[in-house]
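One structure is given below, encoded as structure tokens.
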Amino acid sequence: MVQEMRKTTPNLAYIDNAMNATYALRRQEIVEEEPPVAEMRVRWPALFTERQIVKEFTRLMSMDINKFYEGLDSHLHKLLQLFRLKRFEEVQEMTSLMESLDKDASNQRKRAAALQGLPWYMKENPSTLMKRCEPTDPGEDVIKGMVIGILLVVEDVKEPLPVSYNDVAIVIEEKIVMRHLGDVPNAFVNLMGLLYMLNLDYPKDIKYTFEVIQRLFMGIGSEICTPRVHSLKNKLLR
């Protein structure tokens with residue numbers, strides 16, 4: 001399977017069957033041995049593709065990971081309303097985000113704004129989760145110290161919602177593990193998939209943001225929330 005993934009055009013049906021057949025072995029290895037993510041990329045390169053994340057997450061959780069979008073969209077309007085509350089007028093990052101959204105309020109940009117503003121609303125610092133850089137910036141320096149997060153390569157790092165991205169990548173343990181994800185919502189979907197499949201804990205300094213995504217957007221363990229997330233849940237359901 002590793003050899004097949006090295007081909008310019010891998011046989012996807014073969015990869016699908018091989019990943020399905022080796023699922024139990026892979027789970028045992030991840031849970032019992034807890035190998036570094038870099039080692040997992042060498043042993044199971046297919047696991048770090050969008051196609052296999054969808055399939056592996058379904059095997060693991062018996063649900064479609066793209067339910068994320070359904071849950072996010074159901075709360076999108078109310079969540080963005082909350083971001084415009086007076087108490088956020090002094091948060092320049094939130095204000096800039098909403099001003100950028102007002103220029104073009106397409107659904108995908110609303111999704112990106114909701115995900116980027118969520119840490120601020122949950123009283124967490126999104127700089128530990130999402131980093132921006134220009135194409136000429138040395139990537140190694142930008143992701144240094146980044147345990148889990150998303151790297152956005154853009155022409156203008158001051159624009160919260162750019163029209164396009166040069167690259168959108170996922171970083172785990174200071175290594176880029178996936179690239180060319182297109183936009184912020186898709187990056188979050190694949191990041192959540194990887195966190196579950198690799199049995200990784202949420203970073204403590206951004207745990208409430210991930211809890212909202214897990215419990216309120218994806219509906220996993222939604223009956224049990226921390227007080228901070230439960231407060232947001234009540235406001236979204238009003």
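Everything quoted here is computed from the prediction, not taken from an experiment.
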Mind checking whether [X] and [Y] sit in one hydrophobic cluster, side chains of I, L, V, M, F, W, Y counted as touching below 4.5 Å?
X      : Y      : value
Phe68  : Met130 : yes
Val163 : Leu101 : no
Met178 : Ile30  : yes
Trp120 : Leu115 : yes

field: Derivation and outcome, side chain to side chain contact (heavy atoms under 4.5 Å, CB included), residues Leu237 and Lys233
entry: CA-CA 6 Å; Leu237 295 177; Lys233 181 180 180 180; 3.9 Å; yes
- prompt: How many angstroms lie between CD1 in Ile206 and CG in Asn125, if you round to the nearest 0.5 Å?
  reply: 7.0 Å
- request: Hey, could you give me the CG/CD distance between Leu200 and Glu34, rounded to the nearest 0.5 Å?
  value: 9.5 Å
- request: Using the ring of Phe188 (Phe, Tyr or Trp, six-membered ring only), decide whether Arg111 places NZ or CZ under 6.0 Å from its centre and within 45 degrees of its axis.
  value: no
Are the charged groups of [X] and [Y] less than 4.0 angstrom apart, N to O?
X     : Y     : answer
Glu4  : Lys7  : yes
Arg84 : Glu89 : no
Glu56 : Arg59 : yes

message: Parallel, tilted or perpendicular, judged at 30° and 60°: which one describes the rings of Tyr121 and Phe88?
response: tilted
query: In a check of side chain to side chain contact (heavy atoms under 4.5 Å, CB included) between Leu118 and each of Leu72, Leu82, Leu232, which one passes?
result: Leu232
message: Can you tell me which residue among Asn20, Asp16, Ile65, Leu47 is in a side chain to side chain contact (heavy atoms under 4.5 Å, CB included) with Lys55?
response: Asp16
field: Test item: Ile170 and Leu194 side chains (from C-beta on) under 4.5 Å apart, heavy atoms
entry: yes
Just checking, any donor-acceptor pair under 3.5 angstrom between side chains of [X] and [Y]?
X      : Y      : result
Gln92  : Ser96  : yes
Gln214 : Tyr202 : yes
Asn166 : Glu134 : no

task: Without swapping roles, check the side chain of Glu173 against the backbone of Val37 for a donor-acceptor pair under 3.5 Å.
output: yes
message: Check whether Asn199 reaches the backbone of Val31 with its side chain - one donor and one acceptor, N or O, closer than 3.5 Å.
response: no
